[in-house]
Amino acid sequence: FARGGQIYAGKGGCSDCHMLNGRGGLLGPDLSNIASERSVRFLEESLTVAKPHIPAGYKPVRLLTVDGHSIRGVLKNEDNFSLQLLDTAGKLHLLSRDELREIEFEKQSLMPSDYDKKLTPQELRDLLAFLSRQGTQSAAASEAGPRRRR
């Protein structure tokens with residue numbers, strides 16, 4: 001379990017994009033309660049198989065502003081007049097469409113799908129063991145209800 005946490009924060013680079021118990025990146029989904037939301041099989045597939053459909057709020061985009069700045073990140077929201085983008089450094093941008101020269105929607109998720117090649121088989125198992133325990137203690141505590149002090 002401890003080795004999986006080290007891989008999550010180190011070699012795996014997961015904490016660069018994912019929040020876990022209030023620490024980490026904002027680009028990807030919060031993983032603090034992932035064990036009660038997803039199966040180990042789903043987690044393994046998320047790490048090793050490219051997804052054909054990218055969920056809303058995580059669609060990668062490259063923007064070119066009229067003044068020549070390039071911004072890459074995930075599209076968080078858009079309407080006919082503006083869009084909100086969280087860049088790869090974690091900064092939120094609110095841009096009106098008239099500030100943009102080009103909008104390019106990328107076809108591949110920013111989530112790597114090659115952890116079966118990037119990590120050894122044991123490291124991948126350790127990472128999955130670590131992720132499969134995130135949120136299980138808090139879920140058990142909430143099911144037990146509040147404790148009374150005497």
Side-chain angles (χ1 to χ4, degrees), residues 1-65 68-78 82-95 100 102-150:
F1 179 78
R3 287 188 310 238
Q6 291 170 346
I7 293 163
Y8 175 90
K11 185 176 181 180
C14 309
S15 61
D16 294 342
C17 295
H18 295 278
M19 182 74 61
L20 185 61
N21 301 320
R23 292 188 175 152
L26 298 171
L27 209 54
D30 186 324
L31 300 179
S32 301
N33 199 31
I34 195 68
S36 61
E37 297 169 357
R38 303 288 186 206
S39 68
V40 174
R41 181 182 177 135
F42 180 92
L43 295 173
E44 183 174 13
E45 287 178 4
S46 296
L47 295 169
T48 60
V49 178
K51 296 281 187 258
H53 173 73
I54 302 169
Y58 300 102
K59 293 185 189 258
V61 65
R62 287 181 189 268
L63 304 176
L64 184 61
T65 64
H69 289 92
S70 179
I71 307 169
R72 182 172 186 240
V74 293
L75 184 66
K76 289 301 187 181
N77 198 6
E78 71 175 320
S82 65
L83 52 83
Q84 296 171 359
L85 171 95
L86 185 64
D87 72 19
T88 54
K91 182 180 176 187
L92 186 63
H93 300 265
L94 173 58
L95 300 159
L100 301 174
E102 188 177 311
I103 303 171
E104 178 189 347
F105 293 95
E106 298 180 17
K107 301 202 181 326
Q108 190 171 353
S109 172
L110 295 180
M111 174 67 190
S113 58
D114 63 347
Y115 281 91
D116 52 340
K117 295 166 188 64
K118 185 187 297 190
L119 303 176
T120 68
Q122 183 61 53
E123 289 171 333
L124 182 58
R125 282 192 298 274
D126 290 343
L127 178 58
L128 288 168
F130 175 76
L131 292 172
S132 70
R133 290 176 178 85
Q134 298 309 307
T136 55
Q137 290 177 339
S138 61
S142 65
E143 286 175 13
R147 292 188 175 184
R148 291 183 144 175
R149 291 185 129 179
R150 294 179 190 211

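Atom SG in C14 sits 6.5 Å away from atom CG in L47 (nearest 0.5 Å). In this structure, CG on L20 lies 8.5 Å from OG on S15, to the nearest 0.5 angstrom. From L124, atom CG reaches atom NZ of K118 across 11.5 Å, with rounding to the nearest 0.5 Å. To the nearest 0.5 Å, atom CG of residue L86 and atom OH of residue Y58 are 9.5 Å apart. Taking CD1 of I34 as the reference point, atom CZ of R133 lies at 15.0 Å (rounded to 0.5 Å). L75 contributes atom CG, which lies 11.5 Å from atom CD of E106 (distance to the nearest 0.5 angstrom).
At a threshold of 4.5 Å between non-hydrogen side-chain atoms, the residues S32 and N21 count as touching. No side-chain heavy atom of V61 sits less than 4.5 Å from a side-chain heavy atom of L83. Residues L127 and K11 form no side-chain contact, since every pair of their non-hydrogen atoms from C-beta on lies 4.5 Å or further apart. At least one side-chain heavy atom of H18 sits less than 4.5 Å from a side-chain heavy atom of P29. The shortest distance between side-chain heavy atoms of F105 and R62 does not fall below 4.5 Å.
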Could you go through Q6 and D126, starting from their C-alpha distance and side-chain angles, then the distance that decides it, and tell me whether this counts as side-chain contact (heavy atoms from CB on, under 4.5 Å)?
CA-CA 9 Å; Q6 291 170 346; D126 290 343; over 6 Å; no

Let me see the working for E45 and R38 under side-chain contact (heavy atoms from CB on, under 4.5 Å), right down to the final yes or no.
CA-CA 11 Å; E45 287 178 4; R38 303 288 186 206; over 6 Å; no

L85 vs L95, side-chain contact (heavy atoms from CB on, under 4.5 Å): CA-CA, chis, key distance, verdict
CA-CA 8 Å; L85 171 95; L95 300 159; 5.5 Å; no

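Shown here is K91, whose NZ atom has no more than 12 heavy atoms of other residues, nucleotides or ligands within 6.0 Å. Shown here is Q108, whose CD atom has no more than 12 heavy atoms of other residues, nucleotides or ligands within 6.0 Å.
None of V40, L43, I7 except one satisfies the side chain to side chain contact (heavy atoms under 4.5 Å, CB included) rule with L131; the exception is L43.
Here the closest heavy-atom approach between residue S132 and residue A35 is recorded as O-CB, 3.1 Å.
Remark: the Q122 side chain and the R125 side chain contain an N/O donor-acceptor pair separated by less than 3.5 Å.
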